[in-house]
Amino acid sequence: MAQSTETADWVSRFADDVIEESERRAPGKPVVVASGLSPSGPIHLGNLREVMTPHLVADEIRRRGYEVRHLISWDDYDRYRKVPAGVAGIDESWAEHIGKPLTSVPAPKGSPHPNWAEHFKAAMIDSLAELGVEFDGISQTEKYTSGAYRDQILHAMRHREKIDAILAQYRTKPKPADVRKQQQKPVDEAELAAAEGSGAATEDDGSSGSAGYFPYKPYCGNCEKDFTTITAYDDDSTEMTYACSACGFSETVRLSEFNRGKLVWKVDWPMRWAYEGVIFEPSGVDHSSPGSSYQVGGEIVGLFGGKQPIGPMYAFVGITGMAKMSSSRGGVPTPADALKIMEPQILRWLYARRKPNQSFKIAFDQEIQRLYDEWDRLTAKVAGGSALPGDIAAYTRAIGTAAGELPKTPRPLPYRTLASVADITAGHQDQALRILSELDPANPLTSLDEVRPRYDKAEAWINTHVPADQRTIVREEPDTELLKSLDEHARESIRLLLDGLAEHWSLDGLTHLVYGVPKIQAGFSADATPKELPPEIKTAQREFFALLYRLLVGRDTGPRLPTLLLAVGQERVRTLLGE
Ligand SMILES: [Zn+2]
């Protein structure tokens with residue numbers, strides 16, 4: 001059973017509110033929280049907050065013994081707006097599908113998935129499984145095309161004037177200059193048509209033609225695109241006539257039997273709040289302005305007999321270190337990219353420890369090593385009973401869910417050590433195992449599996465995110481020029497190191513040795529603490545380390561020396577240091 005995290009952090013405070021609100025609105029029913037994701041292309045790592053925020057709250061509610069549904073609405077019946085840059089397996093010809101539902105667009109070439117939306121959903125579903133996120137996925141294509149929302153659509157059409165009036169409060173008429181500016185660039189045709197048509201509505205809230213305003217958009221029966229305008233509608237018979245500007249097709253259908261269209265976004269979202277009884281659904285800060293879909297949704301949801309969910313705005317999640325990344329996806333970092341270099345616990349922790357309104361960054365650069373150090377320190381504090389309640393709460397949410405702990409690395413050696421070993425051994429697993437076994441000779445590693453998956457993540461990080469000029473290449477031959485040029489003091493330091501090597505061949509031993517050599521040279525004991533030493537010792541240590549780096553890897557810096565020495569191996573260290 002999970003440790004008690006009640007009232008310790010933001011998650012438990014939201015859980016309190018959500019449980020209370022759910023009992024008020026729907027007593028005895030499962031608590032419903034929701035997220036929405038659009039599989040219009042690779043799902044950006046930043047969008048993971050849309051899922052993690054309700055996930056953490058849902059998980060806390062489950063830990064308290066309540067039944068919870070976390071809905072992930074796949075907005076796969078949305079229109080295909082544009083061909084994203086940098087996606088493998090597609091070309092310009094995908095532009096001909098603009099205006100179709102995402103589930104009617106072909107998947108990139110070579111994909112095992114039946115269509116565009118399924119292709120990009122699949123990667124996200126795999127990542128969510130690895131993260132331990134339990135959810136009910138709802139395909140909006142399935143909902144709309146099965147007629148599940150029929151009553152809601154007819155209801156919205158009946159109340160279109162009221163909806164139009166609500167939306168009208170926030171519409172601003174674009175100045176003629178704005179329209180011209182829009183026309184100068186290649187634009188989304190429907191947006192342009194809408195701007196020209198009403199001078200107001202956008203595809204988010206529907207458009208007005210000569211027959212008036214409609215909050216519903218059919219997909220064309222001939223070309224499947226949504227460049228359609230409703231030209232006539234009769235409330236009693238539900239007869240609807242629409243015309244398509246893309247292909248010229250027109251037809252008259254009965255909306256009570258027609259399943260190929262959807263409510264416009266600003267009506268669709270509140271309709272679903274009511275339909276599913278959503279109690280908690282956060283959204284990005286861009287939804288916080290007047291006239292935003294969350295705010296307007298609050299005014300529309302009552303039409304469908306529902307209430308607006310508790311909906312905190314979450315702040316932006318930044319990514320660092322991606323510029324250097326070689327990505328096959330046009331530089332769009334996805335949750336899968338993050339999970340290649342960090343364990344799911346770490347990614348969960350990043351979300352759990354920050355309130356939704358706090359922004360933070362996910363590091364693909366050197367910063368990830370510091371993050372892991374911080375995580376290991378927290379783990380030790382929690383185990384030692386000295387962690388603060390808020391930190392314990394975030395830790396507990398990171399390592400598992402109400403269903404149990406996530407799989408973890410049996411021997412979580414420091415990430416930076418694993419990264420250095422992977423760096424130096426360049427894929428030679430037998431060498432990596434040898435080095436890692438020597439880190440702690442009293443308790444040697446017997447198989448790399450003991451340090452997996454952390455080792456695999458560190459290795460992936462080295463291979464994909466560390467630039468070539470920062471990789472470590474151990475010298476093949478000793479640098480005889482440099483060795484010859486050394487003065488007596490430098491020679492002595494190397495001699496002291498070589499003399500102690502065999503006896504100190506472990507991570508701790510070598511740490512003691514490399515810091516100790518300059519102390520001994522200055523007339524102190526190798527065990528002397530910083531307080532007992534003059535500040536110049538630090539300079540001497542830095543110079544000694546730089547010399548060793550130059551002799552071993554031909555640069556002034558490198559992985560931590562004890563790790564590097566173990567990685568290079570005793571025999572080769574002796575050769576490179578001129579013995
Ligand atoms: Zn058409």
Side-chain angles (χ1 to χ4, degrees), residues 37-44 47 74-124 139-145 179 181-197 201-207 209 214 216-231 240-253 258-265 268 327-332 334:
L37 291 173
S38 172
S40 58
I43 296 174
H44 195 286
N47 289 345
W74 298 106
D75 292 327
D76 56 12
Y77 206 46
D78 284 7
R79 72 192 306 266
Y80 186 55
R81 285 162 197 260
K82 61 174 185 190
V83 185
V87 172
I90 62 168
D91 53 44
E92 323 77 66
S93 71
W94 261 259
E96 75 190 45
H97 302 292
I98 288 173
K100 291 182 188 173
L102 292 167
T103 38
S104 295
V105 177
K109 286 186 199 113
S111 167
H113 302 287
N115 60 58
W116 185 271
E118 292 302 324
H119 176 80
F120 292 106
K121 270 157 80 169
M124 188 67 175
S139 158
Q140 292 304 325
T141 299
E142 231 170 85
K143 283 284 183 189
Y144 272 105
T145 59
V179 175
K181 202 158 56 190
Q182 271 185 307
Q183 285 167 331
Q184 280 165 7
K185 50 184 185 179
V187 290
D188 186 306
E189 291 170 54
E191 270 166 2
L192 183 57
E196 284 175 328
T202 70
E203 63 174 291
D204 279 351
D205 65 7
S207 57
F214 296 100
Y216 179 83
K217 192 99 164 155
Y219 281 111
C220 174
N222 180 49
C223 72
E224 285 191 89
K225 297 176 183 173
D226 72 344
F227 301 103
T228 54
T229 306
I230 296 171
T231 54
M240 172 179 82
T241 305
Y242 71 87
C244 174
S245 67
C247 72
F249 182 78
S250 176
E251 68 174 333
T252 300
V253 296
F258 182 81
N259 293 332
R260 208 183 48 247
K262 70 185 289 290
L263 291 170
V264 295
W265 169 245
D268 183 32
S327 172
S328 58
R329 286 179 295 277
V332 175
T334 64

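- With rounding to the nearest 0.5 angstrom, the SG atom of C247 is 11.0 Å from the CD atom of E224.
- With no hydrogens or angles considered, a side-chain donor-acceptor pair links D76 and S139 at under 3.5 Å.
- Between Y242 and F214 the shortest side-chain heavy-atom distance does not fall below 4.5 Å.
- A 4.5 Å side-chain heavy-atom check between P39 and M124 finds every atom pair outside the cut-off.
- Around atom CD of E142, no more than 12 heavy atoms belonging to other residues, nucleotides or ligands sit under 6.0 Å away.
- One distance of note links OG1 of T103 with NZ of K121; it measures 8.0 Å at 0.5 Å rounding.
- Nearest approach of F227 to A246, heavy atoms of both residues: CD1-CB, 3.7 Å.
- Proximity of L37 to W74: side-chain heavy atoms (C-beta onward) are separated by under 4.5 Å at one or more points.
- V87 is listed as a side-chain neighbour of F120, based on a closest heavy-atom distance under 4.5 Å.
- Inter-residue side-chain proximity for T141 and S104 is flagged as unmet; no heavy-atom pair is nearer than 4.5 Å.
- Ion pairing between a basic and an acidic side chain is recognised when a charged N comes within 4.0 Å of a carboxylate O; D226 and K217 show no such pairing.
- Applying the salt bridge (charged side-chain N to carboxylate O under 4.0 Å, His left out) criterion to D268, with sequence neighbours excluded, gives K262, R272.
- Atom-to-atom distance recorded for I230:CD1 and T241:OG1 is 9.5 Å, nearest 0.5 angstrom.
- If you take CD on Q140 and CG on D78, they are separated by 8.5 Å, rounding to the nearest 0.5 Å.
- Between H119 and A107, the closest heavy-atom pair is CB-CB, 4.1 Å.
- Under the 4.5 Å side-chain criterion, counting only non-hydrogen atoms from C-beta, T228 is not in contact with F249.
- S40 places none of its side-chain heavy atoms less than 4.5 Å from the side chain of R81.
- Taking the six-membered ring where tryptophan is involved, the planes of W94 and W116 are tilted, since the angle between them lies from 30° to 60°.
- Between L102 and N115, the shortest heavy-atom contact is O-OD1, 4.1 Å.
- In this structure the side chain of T145 reaches within 4.5 angstrom of the side chain of Y77, judged on heavy atoms.
- Note that the CG atom of N47 and the OG atom of S38 stand 9.0 Å from one another [nearest 0.5 Å].
- Rounding to the nearest 0.5 Å gives a distance of 15.5 Å between CZ of R79 and CH2 of W265.
- Shown are R260, K225, K100; of these, the side-chain contact (heavy atoms from CB on, under 4.5 Å) with Y219 is made only by R260.
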